[in-house]
Amino acid sequence: LAFLFVRGLLEKFVFLKKLPAGKKIYYLFWLMRENSAYVKQKWKEVLLLTSASWLFKGLEWYFIAQALGIHIFGSYYDYFFMLLFQPFLTLTHFLPLPTLAGAGAAEAVGSGILGLLGVSVEAAIAFLFITRTLMIAVDLVGLKAIVPLFRKESLDQILDDINNIEERCKDTG
């Protein structure tokens, strides 16, 4: 957020452009900062959509747990637990481990936590594999939009756009 909304901060990280992947990351942040005024205008919509998504994801995980007979605290407290457990477990997908999106590590952490709360290992692992499968299934919906970008012409266009961004970045400081 600081890179997006604090002018001058991103320029302190200009050295990133000298790294192979750093150039793309730097210009991605630059583009996001250039459009941050629009994000500020739409903050209510962004907050509403993010909050609704989080509440529905908690509900999804709550129903999966109920279907597997996982009852941690009983009644609606299980729903509130899932609201907090889901983002925590999603965070483990981004740990710098030698796995693909934390595959296996996230499930181990999740089953360990659920085990400490009295859930059987089998039920915990089933729950975590079902939730992971649903996340992957939802992500696969976006493949239709992403796959065309990997065509040579599209990839060349993207790289040309990065060069154009570099020129725009130099012009605006």
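This chain uses plain numbering: 1 for the first residue, then up along the sequence.
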Without swapping roles, check the side chain of [X] against the backbone of [Y] for a donor-acceptor pair under 3.5 Å.
X   : Y   : result
S51 : L48 : no
Y62 : Y76 : no
D78 : I72 : yes
E60 : K57 : no

Do [X] and [Y] belong together in a cluster built from hydrophobic side chains that touch within less than 4.5 Å?
X    : Y    : answer
L114 : F88  : yes
Y79  : F63  : yes
M135 : L91  : no
I136 : L134 : no
I113 : Y77  : yes

Rounded distance (nearest 0.5 Å) linking atom [atom1] of [X] with atom [atom2] of [Y]:
X    : Y    : atom1 : atom2 : answer
L59  : Q66  : CG    : CD    : 10.5 Å
F127 : T131 : CZ    : OG1   : 5.0 Å
I125 : I130 : CD1   : CD1   : 12.0 Å
L89  : L128 : CG    : CG    : 6.0 Å
W61  : I70  : CH2   : CD1   : 10.5 Å
L83  : F56  : CG    : CZ    : 12.0 Å

F15 CZ: over 12 foreign heavy atoms closer than 6.0 Å: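 Result for CZ/F15: enclosed.
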
Among side-chain atoms of T90 and Q86, is any donor-acceptor pair under 3.5 angstrom?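 There is such a pair between these side chains.
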
Shortest non-hydrogen contact from P87 toward W54: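 Looking at all heavy atoms of both residues, the shortest contact is CG-NE1, 3.8 Å.
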
Would you name the heavy atoms of A106 and T92 that are closest together and state the gap between them?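 For A106 versus T92, the nearest heavy atoms are CB-OG1, 3.2 Å.
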
